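First the proteins, then the strands, lettered A, B, ... as listed; each starts at 1. Predicted model only: the values in this text are computed from it and were never measured.
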Amino acid sequence: MVSRLDSVSAFLRSERVDVVSPAPTESSGRPREMFQKVLIANRGEIALRIISACQEMGIRTVAVYSEADRDSLHVRFADEEVCIGPAKSAESYLHIPALISAAEITGADAVHPGYGFLAENAHFAEVLNACKVRFIGPSPRAIRLMGDKALARTTMTEAGVPVLPGSDGAVEDAERAEDITKAIGFPVILKAAAGGGGKGMRVVDRIEDLASSFVAAQTEAEAAFGSSEIYVEKYLPKPRHIEIQLMADALGNTVYLGERECSIQRRHQKLLEEAPSPTVDDALRKKMGEVAVKAARAVDYEGAGTVEFLLDENGKFYFMEMNTRIQVEHPVTEMVTGMDLVKDQIRVATGEPLGYAQEDIVIRGASIECRINAEDPVSFLPSPGTIRSFHIPGGPGVRVDTAAHAECVVHPYYDSLIAKLVVHGRDRAEAIARMRRCLRLTVIEGVKTTIPLHLRILDDPEFRAGRYDTRFLERLD
Amino acid sequence: MVSRLDSVSAFLRSERVDVVSPAPTESSGRPREMFQKVLIANRGEIALRIISACQEMGIRTVAVYSEADRDSLHVRFADEEVCIGPAKSAESYLHIPALISAAEITGADAVHPGYGFLAENAHFAEVLNACKVRFIGPSPRAIRLMGDKALARTTMTEAGVPVLPGSDGAVEDAERAEDITKAIGFPVILKAAAGGGGKGMRVVDRIEDLASSFVAAQTEAEAAFGSSEIYVEKYLPKPRHIEIQLMADALGNTVYLGERECSIQRRHQKLLEEAPSPTVDDALRKKMGEVAVKAARAVDYEGAGTVEFLLDENGKFYFMEMNTRIQVEHPVTEMVTGMDLVKDQIRVATGEPLGYAQEDIVIRGASIECRINAEDPVSFLPSPGTIRSFHIPGGPGVRVDTAAHAECVVHPYYDSLIAKLVVHGRDRAEAIARMRRCLRLTVIEGVKTTIPLHLRILDDPEFRAGRYDTRFLERLD
Amino acid sequence: MNLSELKELFDLITERNITEFELERDGVKVKVKKGVVTVNGAETLVENAPVARAEPEASAAVAGVPEPAPLAAPASATLDEGLTVVKSPMVGTFYRQSAPGAEPFAAIGDRIKKGQVLCIIEAMKLMNEIESELQGELVEVFVEDGQPVGFGERLFAIRES
Amino acid sequence: MNLSELKELFDLITERNITEFELERDGVKVKVKKGVVTVNGAETLVENAPVARAEPEASAAVAGVPEPAPLAAPASATLDEGLTVVKSPMVGTFYRQSAPGAEPFAAIGDRIKKGQVLCIIEAMKLMNEIESELQGELVEVFVEDGQPVGFGERLFAIRES
């Protein structure tokens, strides 16, 4: 059996921006008609979330699935379904030719990528555009500009968005690092350009340590990543991860829907998010919101997007990156604003105007999301398996987004998110009390979950006081 | 084996109002302390609802259960649990001595009765009071006044609350019925005083038919109920069932939390409720709300309560009855007001003031509740059994209150409510679209449910237009 | 056992949906299993008929749990040969004697007569004397003096005679 | 124990809905298990074992489902003795001939050689020729011309030879 799929893939892998990338203005043309059929290039709870939005809008849905997901709820609930490959993501949910073919054979007029998988793949968006299938998300150009760290930094600096002071790329030697450090002030952090996971990373507090730390970082980076390139950045000892939710239509209307506080993370994996942030007041919200809008406008952003900032103890904030998709934690924003981000995302993708302005956005009460992952709550090792018992809590101010159920299998192939437990309270204290009782009234048997860890976080006095930063979880014994 | 329980029961059954009924002012004394431990004299979803409220307030909970409910979630989630008798309600959830003993041996300082069972049993409230256990609800006097149809009618008339014109009790003969009819005008309905279920009931449009209909109704009533007593009431051809939610503290503060439209019912069983009513505008809401407050004040009402009205086509409304408890459909009010009625109910039971005034109540968006019962959707026969698969929907604006789960048994002994599916939308159209998709994304296998019927209701053009009355379901083929 | 007997046996097993079968002639050991066996939450996956399949299974079978065990009658139930459990007929507080400091109504080893008072359960301020419905020897007392008891909770074990 | 005794035993087991049974004659060991038997997705509710119980069960055992059946390899799988199913290696549109009006690449009853083109699957505007990996007789075509196919969907059955 022989196929020409390999050559197709090769064609698709070639980044033929010249051919398919639309001009930034193309998307702001006349309003398109509402989609008839949307293919959901994802699985799990976000696939159900998108099916829900489509059903409420009267749009037919196409589920795609790997062989491992044959019995998944997103397959059951969609109007049509196409098996796109074996369990392995690379051969199914990440396999662009299979997804494009699935859209073609079902006649879908748009694709919603969800989060993860191909959601921030500019090439996928381009190929869809070329096939006259609408990618529900921003333009390939915006994805590309925001997806490249150095490019994004330059673009943001030009747009007047504050970025963390540091070298614009790799630094050749310790002397050059010294020059930069003198300009931005101590402490600084040296990072491997190719790096991640703490390797080739050094925090430097004093000028005397800079040269030796630089060499040590270089050596470590070379050993770990085969590249000794090092860059220098201002080091924030107690940063908070604050992100601004944006929604933009094709006509240039861009509004911010408040912030989310996402500082509770482990190895850059968010675990618990809340809105509003206990540390952001109205004035700071407005300031960050307006900067986020400026960032989005700099790339002619369209659809739902998030600008992530680091906020220091003095209320100064710095652009980290922009996520050009719907995010896992979008429900906390929906809870406090009453908006439906996925429906709006689909609506603006047709070219329809936003329909609301900045002054229409009101933040009410407080919301918290806990990510219930199939993980050992201590070691964080994944805990795939079959869920034996499953019960999720109800009552006022509770929302649970999940594709799990009793007797469903949590596969080792995909991410370990089982359920998003989201609460809303009239204030933060009520939200915390509500989340505690929801975690206690949740039954998930058969796999280990992060529930015990969430209970510990919620009981922590510093968390309850709203005094925490991205290193909170390291300190929580 | 011999016990003196029988004599205890006899004692308890004697309505010793003189001994234990508190004076109406007694309850408005100095604020009590927050309860330490609440016993929940109920089962199913409402027991979980009350456990949720208690846990959020830091109150310990005691579950009581019949032998059939040994594995129920309310038993699992409470801090303590007591088996109070066999499956049959009369020997467990309705058995006052067992409940009082359970409160005594666990040292509970309050009892929440939920809805149904002993929730509107004045005697139960009295015995609890005598045992120094707080009944979370109004005074026995208020329960008694509102529980007796004739007494309630008189009390309301005296308080200036409009009641349906008619005879104040049984009418001796057709001639007297004619006199009354002349005063209130046609059409009228003749009803068996002891009756129910349509037996001994006659609608009369013309004076010529009155005498013969009266005799026919008498004969039917005598045959069906052993009593030929008949009363006469104004007949509303297209009434809507509109009820006003009230919350009152012990200090005399009483507010209304808007209305619920409950006209979708079958044999006086509510099936689908919404808030706000599509037919009630701000002016009518204010008018009905203020009349409801007047009704509550007439009996020194305390806690959560509901005044049910019939609303005719001309915007005139008439007091039907007052439910002196939390209701099944309270979540739609929570959805549009953002309040937590059960927490407030517990709070005011301690003597704490309400903490909000009428002007603080704002109705936002629209909410619908569908009661998912284990019933054949066509014949309405109960469908007990074991639930094989169970999945409830998530997403924005969705709340599901349930004690069901995969592999749980729906018993034939108790009511057939499996889950309350509640949605909130920015407007009624969004709420309807959301409810439709929620019903479609719900999986309940193993028992028949009312889901198909709910889908038919939601698709009905008259329902969608908001034009319906209590006879809607009779007309839906 | 010859081949035709074996064939008959296999046919029988298929027909009866038996999925596991063991036999030991000497010492007489037999072991039989059927379908998906669920005991104490542990399950044994049993494949369907041993027919080769051409395509992937469309969906996994959903297993159910058995109905809850029929509850023992509240009055008494057999514990062991000859042992009968006396259960609480009501919710209340359990007392082994008529007054603090008094002798217990019945001690372990005592001969119990029909109608003899075994204990008192206080409910709603009333002292309810619980009498024995049978005669025999008091073997065990499950609840301590002064403890709360629920409906159907075990109080005593009596060896009937 | 002879065959007719065994038959009787199996009948008894079936009738009594017993799912596990063990017997050891010497040493007197009896083991009976009953539960929910799931066969082909239909479940049979089984009563509890006839063992006398001294107290009510605290909780019912929670049954699980078996893991999904192992999925057949996408390329081919045995359907019947000698029958092999050819599955679609990709998502696309299935064509039985090179152009409208042309003869099909292979018809039912045709002798198929290794490497022979069986059909075309159009994906992303490219025509992908699907070749046979084995030789034999084409017995069945599962998909109609011009129909969309998903990954792993059955296309042909070939009797290998």
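Counting heavy-atom pairs closer than 4.5 Å to chain B, the top residue among A:V398, A:L441, A:V400 is A:L441. Of the listed residues (A:G58, A:G394, A:G395, A:A433), the greatest number of heavy-atom pairs within a distance under 4.5 Å of chain B belongs to A:G395.
With a 4.5 Å cut-off on non-hydrogen atoms, B:M339 touches chain A through its backbone and its side chain both. When heavy atoms are compared at a cutoff of 4.5 Å, A:M435 does not approach chain B at all. Of the two parts of B:A429, neither the backbone nor the side chain holds a non-hydrogen atom closer than 4.5 Å to a non-hydrogen atom of chain A. Looking at B:L73, only its side chain comes within 4.5 Å of chain A, counting heavy atoms on both sides. B:P331 does not touch chain A: none of its heavy atoms, backbone or side chain, sits under 4.5 Å away. Using a 4.5 Å cut-off between heavy atoms, A:A404 contacts chain B through its backbone alone, with no side-chain atom that close.
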Inter-chain donor/acceptor N,O pairs below 3.5 Å: chain B to chain A:
unit_1: B:S52; atom_1: OG; unit_2: A:R437; atom_2: NH1; d: 2.9
unit_1: B:E56; atom_1: OE1; unit_2: A:R434; atom_2: NE; d: 3.1
unit_1: B:E56; atom_1: OE1; unit_2: A:R434; atom_2: NH2; d: 3.2
unit_1: B:E56; atom_1: OE2; unit_2: A:R434; atom_2: NE; d: 3.1
unit_1: B:E56; atom_1: OE2; unit_2: A:R437; atom_2: NE; d: 2.6
unit_1: B:E56; atom_1: OE2; unit_2: A:R437; atom_2: NH2; d: 3.3
unit_1: B:R76; atom_1: NH1; unit_2: A:E445; atom_2: OE2; d: 3.3
unit_1: B:R76; atom_1: NH2; unit_2: A:E445; atom_2: OE2; d: 2.7
unit_1: B:D340; atom_1: OD2; unit_2: A:R434; atom_2: NH2; d: 2.7
unit_1: B:K343; atom_1: NZ; unit_2: A:E430; atom_2: OE2; d: 2.8
unit_1: B:G395; atom_1: N; unit_2: A:D401; atom_2: OD1; d: 2.6
unit_1: B:G395; atom_1: O; unit_2: A:R399; atom_2: NE; d: 3.2
unit_1: B:R399; atom_1: NE; unit_2: A:G395; atom_2: O; d: 3.2
unit_1: B:D401; atom_1: OD1; unit_2: A:G395; atom_2: N; d: 2.6
unit_1: B:E430; atom_1: OE2; unit_2: A:K343; atom_2: NZ; d: 2.8
unit_1: B:R434; atom_1: NE; unit_2: A:E56; atom_2: OE1; d: 3.1
unit_1: B:R434; atom_1: NE; unit_2: A:E56; atom_2: OE2; d: 3.0
unit_1: B:R434; atom_1: NH2; unit_2: A:E56; atom_2: OE1; d: 3.1
unit_1: B:R434; atom_1: NH2; unit_2: A:D340; atom_2: OD2; d: 2.7
unit_1: B:R437; atom_1: NE; unit_2: A:E56; atom_2: OE2; d: 2.7
unit_1: B:R437; atom_1: NH1; unit_2: A:S52; atom_2: OG; d: 3.0
unit_1: B:R437; atom_1: NH2; unit_2: A:E56; atom_2: OE2; d: 3.3
unit_1: B:E445; atom_1: OE2; unit_2: A:R76; atom_2: NH1; d: 3.3
unit_1: B:E445; atom_1: OE2; unit_2: A:R76; atom_2: NH2; d: 2.8

